[in-house]
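To keep things clear, I will list the structure first and then write my remarks on it.
Just so we're on the same page: letters track the sequence lines, and every chain starts at 1. The analysis underlying the following values was restricted to heavy atoms, covering all of them including side chains, and did not include hydrogens, waters or symmetry mates. The structure presented is a predicted model; accordingly, all values stated were derived computationally and were not measured.
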There are 4 protein chains.
Amino acid sequence: MGAVKTKRMPRAVREQQMLDAAVRTFGQRGYMAASMDEIAELAGVSKPLVYLYLNSKEDLFTACIRREATALVAAIRAGVRTDLPADRQLWAGLRAFFAHTAQHPDAWSVLHLQARTHGEVFAAEVTAMRDEIVTFVTQLIAAAAREAHRNPDLPEREVAGLAEALVGAAESLAAWANATEGVTARQAATTLMNFAWSGLGDLMAGRPWSPPEEEPLTRPGG
Amino acid sequence: MGAVKTKRMPRAVREQQMLDAAVRTFGQRGYMAASMDEIAELAGVSKPLVYLYLNSKEDLFTACIRREATALVAAIRAGVRTDLPADRQLWAGLRAFFAHTAQHPDAWSVLHLQARTHGEVFAAEVTAMRDEIVTFVTQLIAAAAREAHRNPDLPEREVAGLAEALVGAAESLAAWANATEGVTARQAATTLMNFAWSGLGDLMAGRPWSPPEEEPLTRPGG
Amino acid sequence: MGAVKTKRMPRAVREQQMLDAAVRTFGQRGYMAASMDEIAELAGVSKPLVYLYLNSKEDLFTACIRREATALVAAIRAGVRTDLPADRQLWAGLRAFFAHTAQHPDAWSVLHLQARTHGEVFAAEVTAMRDEIVTFVTQLIAAAAREAHRNPDLPEREVAGLAEALVGAAESLAAWANATEGVTARQAATTLMNFAWSGLGDLMAGRPWSPPEEEPLTRPGG
Amino acid sequence: MGAVKTKRMPRAVREQQMLDAAVRTFGQRGYMAASMDEIAELAGVSKPLVYLYLNSKEDLFTACIRREATALVAAIRAGVRTDLPADRQLWAGLRAFFAHTAQHPDAWSVLHLQARTHGEVFAAEVTAMRDEIVTFVTQLIAAAAREAHRNPDLPEREVAGLAEALVGAAESLAAWANATEGVTARQAATTLMNFAWSGLGDLMAGRPWSPPEEEPLTRPGG
DNA sequence: GATGAATGAGTATTCATTCAT
DNA sequence: GATGAATGAATACTCATTCAT
């Protein structure tokens, strides 16, 4: 099992192989239960090589977190068109988020579970990324308030709390969507938009938030 | 440090001391980093006694999860009066939830972080409790829909997703409230009710959800 | 090989067995080449027990140095009668020193070679003991000067240098005596007294230092 | 740090650079703690090149010992004029010895400490050199005895013991002189001549050995 | 009931050494 | 001639777990 044993690769390539193996192992076994032996074997290299390139288990884990955090943020960024109204932007970001986490479950486990559970240092690493996202959402909310010409100065902390709640709900739904057979990224995003934008009150009253006409992620037009 | 070394206590008492020590240690160090040595010392007993009563590290951890899950559910239950309207019930439940997690951070760390991060077996244990809560919330949502005489048959999966989102948002806010200086359980609950019940759309339009008149948790009347 | 595997000994006894094994291993293999595995096996216990009692390789080594340094100083002290003239005291001390190092070659290797070669911390440990001996010798030299009613104030540094030279010569002779077939502690001590007390000049002129009549270490009389 | 990376040097030069780096590293870190990586880096070459030229860590260490032993003996030889009386020869040899060890502390550490502490093979290498010196001293003592027309046949073993003691004292004083602020090679040599030639007895009686008039090491005349 | 004594099975990490280019 | 890539074999240290008393 593991990568085919191809000898003599340039360092950059080998490092990515190692990170792949590490993300998979950390994601499935957990940070502490993952052994460097297993990671090395899965990467198809000897343990000393892992240490030569990545220094230590901690450094290796940090490298995993950084790579995956960057990738997740990039995926979300790539999905959002900043010239659209706030709810559309949110909708696009959520779809990208749910799609990415569904496609990289081990990476998501590393970011969402493992990194938060094994020490401040690692947690800080994810927090940095998460803050980026929360800030993005916070700005969207503020923009929406401006667009609505109403309630323009919700207290800052209130907005922060709302963004936090939204991001938290998204994180939770990601796990739920991955675990529930047949829930697509699109459906998860729709559910969350309903919940977050319209609120349960409006929902009960039959006023759901409605997703825009088909608007493929890849095509630019509207 | 640790429990005072008092000899010859009834088994039930000793067990609770061990669980106290274990929850604290697991919550702070994490499941794997917590050593049985440390737990035994903190509990003020010898290691073999821990094994005699709790069998193994896994069993000990499971016992912690069960005890704290039960306690959390009980706390929420105690805060909710089932004869009130759905949003009032939700509001009360959230207040109880935020209050309890703020008062027992180690227990919350065990339930929310540690148990989910170290193997299916433990995760299943919390999932059981979480499902109980999600079910409760699901029923509240269904009840609200009925009360509104509208939209009475939201698809079941949709409701499940909404409940999941709500619970996830609550969990996230709990961490945020604990980490943010000066955010009380009441404020966290208010923020979440705004978010969940009114939705961002209504909020932006200046239609927040408003908490009921002071309604202390301890007094029955309204 | 190694100690007979006797189970369940009190801690103090086991510790001494471990130190015995460690001194032997460190003395023969050297500090770094000695493996904790080998020491544990030679001591007839498992490695974790060694760590439980002695904490780490460094602590174990330090414990060896301390025990053997104390033993060596005690042996020398036990051989010296402080009411005799200076040269007699020196003679007795040297005999005791050569006898002890000959009987405990591994301990001597630990003190003289290993401890000095593997880090300041260990070196300081022996230096403390060596200083005790150098001080003793320095006092003897000063006493001798006083007895001779001459040259009573040799510069302090000069006396220190002489003591250093004497102790160094003794250390060297100890290795030589141990390595040379048929050289007894008595002979080594005589050679050194000749060298140190009479000096080569007097020796050449036919004026050796002469050891006292048989004066067994145990009997008090002269 | 380390040698400047100059490409394409003749093998002989590269080897000396490697030996320089090795002596320094072995002298400071100790044989076992010194890593081939560090030595190669300090020498400014790649590790495989070190192996190509010097074969193995053991061979490298042996090469260091040989080079430094040869250099030390040569330095002593260069300082001695064989047509002078025995005590003058000894005095000159000691000055050269103390001067050389003071100027090459890492080399001295390799010869005096490291080589003796890490296995018979290396120890034998120094012993060979040391025997040369001991033999030289032995001959000096025998010559002195002849010059004095007295005591012409001290037992051979006795002379060997005396030479051993003298060399041992010198070795010890070298370490002491290097460690003690402000002790010059000349002072160390004087102290040792006093001790070895006059003996403590004569010293106490006010009859020290007196160094000859200024007799610089470089100028031939007397 | 309670514990001091003891260990099997790992884990991260390092190092001397060698190919393939 | 010179090196980047790679590893087999060890080593210090830890931990959950169990007897014998």
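- Residues satisfying the side-chain contact (heavy atoms from CB on, under 4.5 Å) test with Tyr51(A), not counting sequence neighbours, are Met36(A), Lys47(A).
- For the pair Leu60(A) CG and dT11(E) C1', the computed distance is 15 Å after rounding to whole Å.
- A straight line from CG of Leu49(C) to P of dT14(F) spans 14 Å, rounded to a whole angstrom.
- Look at CD on Glu41(C): it is 15 Å from C1' on dG8(E), rounded to the nearest Å.
- Look at Asp20(A) and Arg67(A) and you find a salt bridge, because one of the NZ, NE, NH1 or NH2 atoms lies within 4.0 Å of a carboxylate O, short of that distance.
- Summarising the geometry, the separation between CG on Leu52(C) and C1' on dA5(E) is reported as 8 Å, rounded to the nearest angstrom.
- Between Phe26(A) and Ile39(A) there is a side-chain heavy-atom pair separated by less than 4.5 Å.
- Here the side chain of Lys57(B) pairs no donor or acceptor atom with the backbone of Ser35(B) at under 3.5 angstrom.
- dA2(E) atom P lies 14 Å from atom CG of Leu54(B), rounded to whole Å.
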DNA chain F in dot-bracket, Watson-Crick or G-U pairs under 3.5 Å, [ ] crossing, | other strand? .||||||||||||||||||||
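- Separation of atoms CZ (Phe61(C)) and OG1 (Thr25(C)) is listed at 11.5 Å; rounding is to 0.5 Å.
- Distance Arg29(A) CZ to dT11(E) C1': 15 Å, rounded to the nearest Å.
- Once rounded to the nearest 0.5 Å, the distance linking CG of Leu54(C) with OG1 of Thr62(C) reads 10.0 Å.
- We find the CE-NE2 distance between Met32(A) and His118(A) to be 6.5 Å, quoted to the nearest 0.5 Å.
- Taking 4.0 angstrom as the limit, Arg14(B) places none of its side-chain polar atoms (N or O) nearer than this to OP1 or OP2 of dG1(E).
- Spacing between atom CE of Met18(B) and atom C1' of dA2(E) amounts to 10 Å, rounded to whole angstrom units.
- Geometrically, Arg11(B) engages Tyr53(B) in a cation-pi contact, judged by NZ or CZ lying under 6.0 Å from the ring centre and within 45° of the ring axis.
- Formation of a donor-acceptor pair under 3.5 Å by the Glu68(A) side chain with backbone atoms of Ala107(A) is not found in this model.
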Treating primed atoms plus P, OP1 and OP2 as sugar-phosphate and everything else as base, which nucleotides of nucleotides 16-21 of chain F get B, S or - for protein heavy atoms under 4.0 Å? SBBBS-
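- Using a 4.0 Å heavy-atom cutoff across all strands shown, Arg11(B) reaches no nucleic acid atom at all.
- Distance CZ (Phe26(D)) to P (dC15(E)): 13 Å, rounded to an integer number of Å.
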